Amino acid sequence: MTTDTNIDSLHTKIEVATFAGGCFWCTEAVFLSLNGVKSVESGYIGGKTLNPTYKEICTGETGHAEAVQITYDGNEISYSDLLQVFFATHDPTTLNRQGNDLGTQYRSEIFYHNDHQRQFAEDYINLLTVAKTFSKPIVTKISKTSQFYVAEDYHQNYYNLNKSLGYCSYVITPKMEKLQELFSSKLKK
């Protein structure tokens, strides 16, 4: 006899996406809000130091980007939807910077897990470029995924646990309002 839970699990299409879009607190908050997203972990990727710490990556010397690793159900939200949200909620035209956050750790980069994701990312950037969506060229890199290091516990679910802090109020809350405005049909209720 099969339970409903087992039947549901047969229909899920669990996939992983990894994006660096500046401060991972901002990026994590955005993707945690989407239907179909099962989990989001903040962490570090794309560098040379093994098991980097936040303090180390903040120097800019490890080569890592602050990033999020998103586990999602591809039957509920597509990789294309994730790309659309990614490009709408950060500035992909500033090299190694998002707002006042400056350094290579704040770069815009897509880390693809398979050729399908790579092709979707390339095609989406081409689409945005041809449409002249941004007034400046897109500098988002597309790279093959590498070792993802989960950040320290206090970075996880940061916005939801610290909404009243200054950075959250002034930087993340406006992103969340923009997300609500542009993608309300894709948000968890």
Side-chain angles (χ1 to χ4, degrees), residues 12-92 94-98 101-122 124-125 138-162 167 171-172 175 179:
T12 59
K13 183 180 170 189
I14 301 301
E15 298 184 49
V16 176
T18 306
F19 299 133
C23 170
F24 50 29
W25 297 340
C26 299
T27 313
E28 177 194 56
V30 164
F31 287 101
L32 275 174
S33 300
L34 299 175
N35 282 323
V37 170
K38 302 305 178 190
S39 67
V40 180
E41 289 185 300
S42 291
Y44 319 114
I45 191 169
K48 60 187 182 305
T49 302
L50 297 176
N51 300 308
T53 65
Y54 183 67
K55 185 176 179 181
E56 289 172 326
I57 72 110
C58 283
T59 67
E61 294 176 16
T62 70
H64 291 88
E66 286 193 16
V68 294
Q69 194 150 76
I70 305 158
T71 302
Y72 66 100
D73 184 341
N75 291 322
E76 293 181 49
I77 189 165
S78 70
Y79 188 73
S80 294
D81 289 335
L82 296 177
L83 285 172
Q84 185 180 14
V85 170
F86 175 70
F87 280 102
T89 56
H90 86 291
D91 183 354
T94 54
L95 186 62
N96 301 325
R97 179 183 200 138
Q98 287 298 306
D101 295 329
L102 181 61
T104 58
Q105 66 271 30
Y106 300 114
R107 65 187 179 264
S108 177
E109 191 163 358
I110 296 166
F111 294 90
Y112 64 88
H113 291 260
N114 55 50
D115 286 337
H116 171 80
Q117 288 184 351
R118 179 190 51 77
Q119 190 64 55
F120 265 90
E122 289 173 359
Y124 196 71
I125 289 174
I138 294 171
V139 297
T140 304
K141 288 178 58 179
I142 301 172
S143 304
K144 185 170 177 56
T145 195
S146 57
Q147 177 66 47
F148 182 84
Y149 297 97
V150 177
E152 297 82 351
D153 286 346
Y154 68 93
H155 292 297
Q156 307 305 322
N157 200 23
Y158 192 85
Y159 176 70
N160 290 324
L161 297 173
N162 299 283
Y167 186 89
V171 178
I172 304 175
K175 284 181 184 271
L179 182 71

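The chain is numbered in sequence order, starting from 1. The shown structure was predicted, so the numbers you read here are calculated from the model rather than taken from an experiment.
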Do any N or O atoms from the side chain of [X] and from the backbone of [Y] form a donor-acceptor pair under 3.5 angstrom?
X      : Y      : result
Lys175 : Thr89  : yes
Ser78  : Asp81  : yes
Gln156 : Ser42  : yes
Lys48  : Glu61  : yes
Asp73  : Ile14  : no
Thr27  : Cys23  : yes
Gln69  : Glu41  : no
Gln98  : Asp91  : yes
Glu28  : Asn157 : yes
Arg97  : Thr94  : no

Task: Stepwise ring-ring contact (aromatic ring centres under 6.0 Å, His included) check, Phe24 with Tyr44 - done: CA-CA 9 Å; Phe24 50 29; Tyr44 319 114; 5.8 Å; yes
Any side-chain heavy-atom pair from [X] and [Y] closer than 4.5 angstrom?
X      : Y      : result
Tyr54  : His155 : yes
Gln147 : His64  : no
Phe148 : Thr18  : yes

Task: Nearest atoms (heavy-atom pairs only) where Glu66 meets Ile57 - done: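 Smallest interatomic distance, heavy atoms only, reads CG-CD1, 3.7 Å.
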Open item on the list: Going by side chain to side chain contact (heavy atoms under 4.5 Å, CB included), Val85 matches just one of Val37, Leu34, Ile77. Which one?
Closed with: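 Looking at Val37, Leu34, Ile77, the match for Val85 under the side chain to side chain contact (heavy atoms under 4.5 Å, CB included) is Leu34.
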Open item on the list: Consider side chain to side chain contact (heavy atoms under 4.5 Å, CB included). Of Leu95, Ile138, Thr140, which one does Ser108 pass it with?
Closed with: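 One option only clears the test, and that one is Thr140.
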Open item on the list: Any donor-acceptor pair under 3.5 Å linking the side-chain atoms of Asp101 with those of Tyr167?
Closed with: yes
- [ ] Just do the side chain to side chain donor-acceptor pair (under 3.5 Å) check on Glu56 and Thr62 with the steps written out, would you?
- [x] CA-CA 7 Å; Glu56 289 172 326; Thr62 70; over 6 Å; no
Open item on the list: Show, in sequence, the C-alpha distance, side-chain angles and deciding distance for Phe19 and His90, and conclude whether the ring-ring contact (aromatic ring centres under 6.0 Å, His included) test is met.
Closed with: CA-CA 11 Å; Phe19 299 133; His90 86 291; 8.8 Å; no
Open item on the list: Quick check: Phe87 with Tyr124 (ring centres under 6.0 Å apart)?
Closed with: yes
Open item on the list: Can you tell me how the ring of Phe120 sits relative to the ring of Tyr79, calling it parallel under 30°, perpendicular over 60° and tilted otherwise?
Closed with: perpendicular
Task: Under-4.0 Å salt bridge between Glu152 and Lys55 - done: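 A salt bridge is absent here (no side-chain N lies under 4.0 Å from a carboxylate O).
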